[in-house]
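Note that the numbering runs from 1 along the sequence shown for the chain.
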Amino acid sequence: MKRPLQYLLIACAGLAALDAAAQPAYPSKNITMIVPYPAGGSIDLYARAICAELGKVWGRNIVIDNRAGASGMIGTEVAIKSDPDGHVLLAHTSSYPATAAVRAKLPFDPGRAIVPVATIARAPMMIAVHPSLPAKNVKELVALAKKTPGKLNYGSSGAGGNNHFSGALFAAAAGIKMTHIPYKGIAPAVTALASGEVEVVIASQAALGTQVKAGRARMIAITSVEPSPLFPGVPTAAQSGVPGYSYELWWGIFAPAGMPADRINLVNAAVNKILATPEMKKFLDGEAAEPWPRTPAQLEGFLPKEIDRYKKAAQLAGIEPQ
């Protein structure tokens, strides 16, 4: 015969089982979002904005972990070595496939070691010149570069990054020669543009906007395929002298390979719902970027394709493996 205490224990066990069943299988604990770049950059800002909203939806803390170094590869490797259960995610940018395309050796397969979970935003870059340069538009910049081959310097955040690729591809498409000056980050490259140390920088609005507004840099075009409502009245490079040239940035969320498909779908749907809110659209508009929601089906094979695209671009632009 069962005693009252035994009945109580059985009842409590039953309630605990019901409570456990009511709890979502994922996320079952707090989440870490690795950002493989220093705090304050565009991907850091976007990750924090998205994670703040995801935390509200899931009732979990999402901790931002900045693991900068080696052009984003140090933080990426930390993520790759994590449990692929979805409780460690990775925020990344289009710099990742660009860098992976020109790295001679990496301790992992960059196209398959991480998988795309959701995309956040995309944006054109700005082509800016020093105000003293006698080039008010792309056509005049190209003409000047052709008169003085190799004498115009363009700054970048480092070899193999977006600023390097965009500048090298611009020069290749325009049939001109400019000298690449790599810096340790985009901030010093933009400072060099403002001081006249380099004549050209192609970078995001987040990087160049302040100097352009202050008159220490002159924006002459954007790099998207078509004119952007984010930059009203500003022509594309293709429209104004370099047909066929385009270069766009993107930002997204990734996970170690092996994350269950149902959890990828859950995160993807939650992020896309956040991107559709007026608040997030306003936030991204202030950063001169637009929401870029994509489904898991649309992201199938995304990274291998991007890396292959950048490898071809590197050959075209003459960027050697590092």
Side-chain angles (χ1 to χ4, degrees), residues 27 31-58 60 62-68 72 75-76 79 86-100 114-126 161-162 186 203-207 209 222-224 228-231 247-256 259 263-303 305-307:
I31 290 175
T32 297
M33 178 71 77
I34 294 175
V35 177
Y37 302 97
S42 55
I43 186 58
D44 181 68
L45 295 175
Y46 297 171
R48 290 177 189 275
I50 290 289
C51 287
E53 296 306 312
L54 285 176
K56 294 175 187 176
V57 172
W58 292 333
R60 300 286 182 185
I62 305 180
V63 180
I64 302 293
D65 184 4
N66 294 94
R67 297 288 190 100
T76 301
H87 290 93
V88 173
L89 299 173
L90 173 70
H92 236 315
T93 79
S94 45
S95 281
Y96 175 71
T99 301
I114 60 174
V115 293
V117 175
T119 42
I120 299 171
R122 64 180 176 180
M125 300 174 84
M126 300 164 64
N162 276 317
I186 191 57
S204 67
Q205 189 272 347
I222 55 174
T223 62
S224 50
S228 170
L230 301 170
F231 297 92
Y247 199 104
E248 287 192 297
L249 303 173
W250 56 254
W251 297 265
I253 297 172
F254 297 80
M259 181 174 171
R263 297 187 177 187
I264 288 176
N265 291 340
L266 189 151
V267 178
N268 180 274
V271 170
N272 288 349
K273 189 172 182 179
I274 291 166
L275 291 176
T277 63
E279 294 79 10
M280 188 56 62
K281 289 180 179 179
K282 183 178 180 181
F283 167 75
L284 290 173
D285 186 66
E287 297 294 321
E290 63 177 340
W292 194 33
R294 306 187 82 194
T295 66
Q298 290 173 318
L299 293 172
E300 185 72 31
F302 177 66
L303 277 181
K305 290 175 185 175
E306 281 289 278
I307 293 170

Is there side-chain contact between Met259 and Val267, with heavy atoms separated by less than 4.5 Å? yes
Report yes or no: does Ser224 contribute a side-chain atom to a donor-acceptor pair with the main-chain N or O of Pro124 at less than 3.5 Å? no
Between Trp58 and Leu266, does a side-chain contact (heavy atoms from CB on, under 4.5 Å) hold up when you go through it step by step? CA-CA 11 Å; Trp58 292 333; Leu266 189 151; 3.4 Å; yes
Can you tell me how far the CD1 atom of Ile253 sits from the CD1 atom of Ile34, to the nearest 0.5 Å? 13.0 Å
Do Val271 and Val117 have side chains that approach each other closer than 4.5 Å (heavy atoms only, starting at C-beta)? no
Before giving the answer on side-chain hydrogen bond (donor to acceptor under 3.5 Å, both in side chains), spell out for Trp250 and Thr119 the whole-Å C-alpha distance, their side-chain angles and the decisive distance to 0.1 Å. CA-CA 8 Å; Trp250 56 254; Thr119 42; over 6 Å; no
Could you give the distance from CG (Leu89) to CZ (Arg263), rounded to the nearest 0.5 Å? 11.0 Å
Are any of the side-chain heavy atoms of Arg60 and Leu54 separated by less than 4.5 Å? no
Should the ring pair Phe302 and Phe254 be called parallel, tilted or perpendicular, given that the plane angle runs from 0 to 90° and is split at 30 and 60? parallel
How many angstroms lie between CD1 in Ile186 and OH in Tyr37, if you round to the nearest 0.5 Å? 13.0 Å
Is there a side-chain contact between Leu249 and Thr93, using heavy atoms and a 4.5 Å cut-off? no
Value rounded to 0.5 Å, distance of OG in Ser94 from CZ in Arg122: 12.0 Å
If I compare all heavy atoms of Met33 with all of Ile62, which pair ends up nearest, and what's the gap? CB-CG2, 4.2 Å
When rounded to the nearest 0.5 angstrom, what is the spacing between CD in Glu300 and NZ in Lys305? 8.0 Å
Can you run down the salt bridge (charged side-chain N to carboxylate O under 4.0 Å, His left out) pairs that involve residues 37-53, sequence neighbours left out, and say none if there aren't any? Asp44-Arg48, Glu53-Lys56
Going by the rule side chain to side chain donor-acceptor pair (under 3.5 Å), which residues pair with Asp65 if we only count those two or more places apart in sequence or in a different chain? Arg67
Mind checking whether Trp251 and Trp292 have side chains closer than 4.5 Å, heavy atoms only? no
Say whether, by atom type as modelled, one donor and one acceptor occur between the side chain of Asn162 and the main chain of Ala203 under 3.5 angstrom. no
